[in-house]
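Only one structure is covered here, and it is reproduced in the block below.
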Amino acid sequence: MGAASACFLARDHGCSVTVLERDPLYTRASSALSASSNGP
Ligand SMILES: Cc1cc2nc3c(=O)[nH]c(=O)nc-3n(C[C@H](O)[C@H](O)[C@H](O)COP(=O)(O)OP(=O)(O)OC[C@H]3O[C@@H](n4cnc5c(N)ncnc54)[C@H](O)[C@@H]3O)c2cc1C
């Protein structure tokens, strides 16, 4: 959610955005762990 918000704010609204992420490879993020990110 945070990465997507940063992307759209920067791309569509020209905002200067800083993402503070403790897990830069998203190894423990729900988004990376969910079924849709792990393929069939
Ligand atoms: C095993 C599993 C299966 C799932 N399957 C489904 C499904 O089939 N369908 C569905 O709709 N949903 C599913 N979900 C739920 C869905 O994946 C999540 O609700 C969604 O991805 C959450 O996105 P998010 O961006 O809010 O959180 P996340 O992807 O977890 O991102 C949060 C980020 O914040 C960072 N963060 C947290 N605290 C801090 C801090 N203090 N400082 C800096 N960074 C911080 C974390 O490192 C992480 O990268 C599943 C979840 C899991 C775990």
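Start at 1 and go down the list; that is how both ligands and their atoms are numbered.
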> Using a threshold of 4.0 angstrom between heavy atoms of the protein and any atom of ligand 1, which residues qualify?
Replying inline: M1, L20, E21, R22, D23, Y26, A29, S30, S31, L33, S34, A35
>> So which atom in Y26 and which in A3 form the shortest heavy-atom distance, rounded to 0.1 Å?
In response: OH-CB, 3.8 Å
Which donor-acceptor pairs under 3.5 Å do side chains of residues 10-21 form with protein atoms, sequence neighbours excluded?
{"from": "E21", "atom 1": "OE2", "to": "D23", "atom 2": "N", "distance (Å)": "2.8"}

